[in-house]
Amino acid sequence: GARAVDMIGSPVIDGTAADASACLDYSQATVTNAAGEDVTPDRPSDRLVHSIVLEREDQTEYGWIVVDDVSKSEPCPD
C-alpha cells in the first residue's frame, strides 16, 4: 500500500464529518495477482491525490475514521 501521507490544504470539518485531500506515495507499492506476478498498473506519478471523507469516532486513537477514500488518479502538486 501507500507509504507516506501528506495533507493538501486543511480539512473541511462539519460537525462529525470532515472532507480532506491527501497526497499518497505509491513509489514502493506493487500489486500482484494470485500467481504472484507483478500487475502494478501504470500511474501518472508515484504520488497521487486522494479525496478522503472522515467521521468522528471517539473510540479510535485519533478520534476519526476514514469512511471513503477515492484516488483522483492525478499527480500531487509540487
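A quick note: this is a predicted structure, and the numbers were derived from the prediction, not measured.
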Review item, side-chain donor-acceptor pairs of residues 67-77, under 3.5 Å, at least two apart:
unit_1 : atom_1 : unit_2 : atom_2 : d
Asp69  : OD1    : His50  : ND1    : 2.6
Ser71  : OG     : Ser73  : N      : 3.1

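Within the structure, no pair that satisfies the disulfide bond (SG atoms under 2.5 Å apart) test touches residues 29-73, not counting sequence neighbours. Applying the ring pair (Phe, Tyr, Trp, His ring centres under 6.0 Å) test to residues at least two apart or on different chains, none of the pairs has a partner in residues 27-49. Residue pairs meeting the ring pair (Phe, Tyr, Trp, His ring centres under 6.0 Å) criterion with at least one member in residues 53-78: none, sequence neighbours excluded.
At a threshold of 4.5 Å between non-hydrogen side-chain atoms, the residues Arg47 and Asp6 count as touching. Contact of the Leu54 side chain with the Pro11 side chain is not registered, since no non-hydrogen atoms from C-beta on lie closer than 4.5 Å.
With sequence neighbours excluded, the residues forming a side chain to side chain donor-acceptor pair (under 3.5 Å) with Glu37 are Asn33, listed by chain and number. Residues forming a side chain to side chain donor-acceptor pair (under 3.5 Å) with Thr60 (at least two apart in sequence, or on another chain): none. Every residue was checked against the side chain to side chain donor-acceptor pair (under 3.5 Å) condition with Asp58, not counting sequence neighbours, and none meets it. Applying the side chain to side chain donor-acceptor pair (under 3.5 Å) rule to Asp14 yields no partners; only residues at least two apart in sequence or on another chain are considered.
Val12 belongs to no hydrophobic cluster, as no Ile, Leu, Val, Met, Phe, Trp or Tyr side chain comes under 4.5 Å of its own. Grouping Ile, Leu, Val, Met, Phe, Trp and Tyr by side-chain contacts under 4.5 Å, direct or through others, leaves Met7 on its own.
A donor-acceptor contact shorter than 3.5 Å is absent between the side chain of Arg56 and the backbone of Ala18.
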